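Worksheet: the structure to be examined is printed underneath.
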Amino acid sequence: MFRKLLIANRGEIAVRIIRTARDMGIRTVAIYSECDRAALHVRLADEAYCVGESPSSQSYLRMDRIVDVARQSGAEAVHPGYGFLSENPGFSRACREAGVVFIGPGPDAMQHMGEKIAARNTASECGVPVVPGPLTPLNSLEEVEAASQLTGFPLMLKAAAGGGGKGLRLVHTRSQLASAFRDARSEAEASFGDSRVYLEQYLSSPRHVEFQILADRHGNVIHLGDRECSIQRRHQKVIEECPSPMMTPDLRERMGRAAVDLARACRYENAGTIEFLVDQDGEFYFLEMNTRLQVEHPVTEMTTGLDLVQEQIRIASGAPLTLRQEDVRWDGAAVECRIYAEDPDNQFFPSPGTITQLRVPGGPGLREDSGVYEGWVVPVFYDPLLAKLVTWGWDRGQAIARMRRALDEYQVSGIKTTLPFFRRVLAHPRFIEGRLSTDFIDTTSLDSSAGKADDLADIAVIACALTATHHLDSPASPPSLESNWKRRGRELGLRSR
């Protein structure tokens with residue numbers, strides 16, 4: 001087992017990895033940018049090294065500097081977390097060439113499954129259904145128009161190297177094709193350095209269901225069940241749960257088998273996620289594979305009792321899986337809300353600034369993965385994710401009830417957060433009934449009165465503070481030894497005379 005581990009990330013995921021490493025008796029090395037000098041992950045790690053200026057392009061994306069820190073610190077392995085360099089085959093290769101173990105898949109498997117068109121082809125070869133559309137990149141508008149005649153409208157244009165909603169365009173009519181093709185290619189080039197796009201038929205109001213897999217270097221592959229990730233904003237997940245409310249034993253068996261077959265086909269190693277879309281008839285289609293730890297992995301941990309980061313570290317050290325597929329058990333249900341520094345009542349505009357007050361909820365069945373603290377300044381340079389709030393219950397109803405209670409207890413001042421938005425979603429009958437789809441947010445009326453009430457509460461606090469300041473600034477008068485009641489009574493008596 002490793003003695004020292006470098007975490008090539010920041011925020012809540014870096015904190016989460018540090019905690020598991022400490023449980024395992026592994027020393028940790030943090031990296032940070034200039035604006036993250038006082039970050040929580042820096043405070044918790046055994047060692048910390050600055051890797052550059054605040055913009056991620058000059059720090060957290062500088063693989064040369066990160067590899068140098070690994071060598072300098074004596075770290076034997078690097079955990080990339082998610083985002084940044086976690087799905088960069090070049091970083092995986094650079095670590096291994098430097099004699100440092102990369103905790104994740106090898107560069108070949110990562111490149112193959114991270115490239116969306118290659119992954120679609122592999123799924124098709126394995127007999128796993130894919131969303132209808134050509135299995136080749138589209139290099140010209142003429143090719144896009146020809147493909148659209150086969151799929152019909154609406155359709156989706158997607159970046160071949162994409163993720164996180166970048167390079168993605170929904171096209172309703174042929175007249176929109178030219179501008180959508182141009183914009184998708186431009187955004188794909190800017191985001192991933194790869195302008196290639198492909199085309200898929202658009203599925204109306206599908207569900208997004210994914211399967212967590214684990215694979216070791218000894219040929220063992222298992223899945224840890226499903227997660228529902230249909231509550232999305234601009235194609236980015238914001239609420240996840242395990243298991244999916246729509247899941248049946250038969251569907252779980254078929255989708256799980258498809259996920260394991262795909263992982264075997266690309267000789268995958270470590271933790272990964274196979275993502276599917278499920279249409280309104282219950283048919284599932286391969287969407288993509290994420291070759292890293294997922295943001296929403298805690299809901300799987302809460303229902304299986306496993307520590308996925310620990311499993312990742314064990315696999316990377318060469319150990320075989322400790323579980324067979326028949327050993328995996330699921331207990332209860334879990335729900336996760338991603339708490340962002342965004343204003344949900346102003347089109348989710350980012351809200352950087354100082355956290356002046358922070359009250360974290362507690363109680364049974366609750367977990368909070370956070371990378372912030374009271375007094376921390378949320379920077380403008382990175383994804384505004386502050387924390388992940390997770391609740392567990394013996395069934396979905398109890399998990400939701402605990403989440404609603406936890407959201408009411410959760411208090412953050414100084415910045416706007418998505419807490420009011422989550423309170424509205426979890427109170428909506430459609431969510432409670434489990435009638436979910438990827439267009440839930442766009443097609444559901446979510447009353448913003450809760451957000452307005454929060455605003456009024458903030459205004460009241462400010463008014464009280466201003467009043468107190470005014471009294472402090474006013475000239476002091478000697479205290480009266482008489483009560484107001486006594487003084488008022490004497491005034492009335494004088495008047496009656």
Side-chain angles (χ1 to χ4, degrees), residues 10-16 19 35-44 83 231 233 236-240 295-296 298-299 335-391 399-428 441 446-466 468:
R10 65 178 299 277
E12 63 85 18
I13 186 58
V15 172
R16 188 260 173 278
R19 286 172 171 157
C35 70
D36 269 347
R37 283 186 176 274
L40 185 59
H41 75 283
V42 175
R43 294 184 172 195
L44 290 179
I231 307 300
R233 178 178 55 79
Q236 191 171 54
K237 307 162 191 172
V238 292
I239 300 177
E240 301 93 359
V295 179
E296 57 273 18
V299 293
V335 178
E336 173 181 292
C337 291
R338 302 186 187 187
I339 313 301
Y340 286 96
E342 296 176 334
D343 184 356
D345 296 315
N346 185 24
Q347 300 182 348
F348 295 91
F349 198 77
S351 180
T354 303
I355 298 175
T356 57
Q357 181 189 19
L358 179 63
R359 189 180 74 184
V360 178
L366 188 144
R367 165 177 169 178
E368 194 235 13
D369 285 12
S370 173
V372 301
Y373 55 86
E374 194 169 291
W376 167 246
V377 179
V378 179
V380 299
F381 301 98
Y382 316 114
D383 184 276
L385 180 64
L386 302 176
K388 299 180 308 196
L389 185 61
V390 191
T391 55
I400 290 174
R402 285 175 168 174
M403 178 62 77
R404 292 177 66 178
R405 183 257 301 163
L407 289 169
D408 285 340
E409 289 183 16
Y410 212 137
Q411 299 294 325
V412 183
S413 299
I415 59 171
K416 295 286 187 178
T417 72
T418 49
L419 287 167
F421 168 75
F422 290 127
R423 293 175 188 133
R424 299 196 286 269
V425 172
L426 268 77
H428 198 280
I441 293 175
L446 298 170
D447 181 20
S448 63
S449 59
K452 292 175 182 176
D454 286 351
D455 289 341
L456 290 174
D458 288 343
I459 291 170
V461 170
I462 293 169
C464 289
L466 289 174

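Bear in mind that the values here come from a model prediction, so they are computed numbers and not experimental data.
- In this structure Phe381 satisfies the ring pair (Phe, Tyr, Trp, His ring centres under 6.0 Å) test with no other residue, sequence neighbours excluded.
- One distance of note links CD1 of Ile339 with CG of Leu419; it measures 4.5 Å at 0.5 Å rounding.
- In this structure, CD on Glu240 lies 4.5 Å from CD on Glu336, to the nearest 0.5 angstrom.
- Remark: the backbone N or O of Asp408 is paired with a side-chain donor or acceptor of Gln411 at under 3.5 angstrom.
- Counting heavy atoms from C-beta on, the side chains of Ser370 and Val360 never come closer than 4.5 Å.
- Side-chain atoms of Ser351 never come within 3.5 Å of backbone atoms of Ile415 as a donor-acceptor pair (strictly under, hydrogens ignored).
- Between Leu407 and the choices Arg405, Met403, Glu409, the side-chain contact (heavy atoms from CB on, under 4.5 Å) rule is met once, by Met403.
- Note on residues 373-383: pairs passing side chain to side chain donor-acceptor pair (under 3.5 Å), not counting sequence neighbours, are Ser33-Tyr382, Arg43-Tyr373.
- Once rounded to the nearest 0.5 Å, the distance linking CG of Leu446 with NE2 of His428 reads 6.0 Å.
- Looking at residues two or more places apart in sequence or on another chain, you find a side-chain contact (heavy atoms from CB on, under 4.5 Å) between Asp369 and Glu12, Arg16, Pro298, Arg367, Lys388.
- Of the inter-residue distances, the one linking Ile239 atom CD1 with Arg233 atom CZ reads 11.5 Å to the nearest 0.5 angstrom.
- Side-chain contact between Cys337 and Leu426 is present, with at least one heavy-atom pair separated by less than 4.5 Å.
- Of all heavy-atom pairs between Asp36 and Pro379, the closest is OD1-CG, 4.4 Å.
- Here CD1 of Ile231 is found 7.5 Å from CZ of Phe421. Values are rounded to the nearest 0.5 Å.
- Tested against Thr417, the residues Val412, Asp343, Ile355 include a single side-chain contact (heavy atoms from CB on, under 4.5 Å) partner, Val412.
- Separating the CG atom in Leu385 from the CD atom in Glu342 is a distance of 9.0 Å, to the nearest 0.5 Å.
- Taking every heavy atom of both residues into account, Lys237 and Glu296 meet most closely at NZ-OE2, 2.8 Å.
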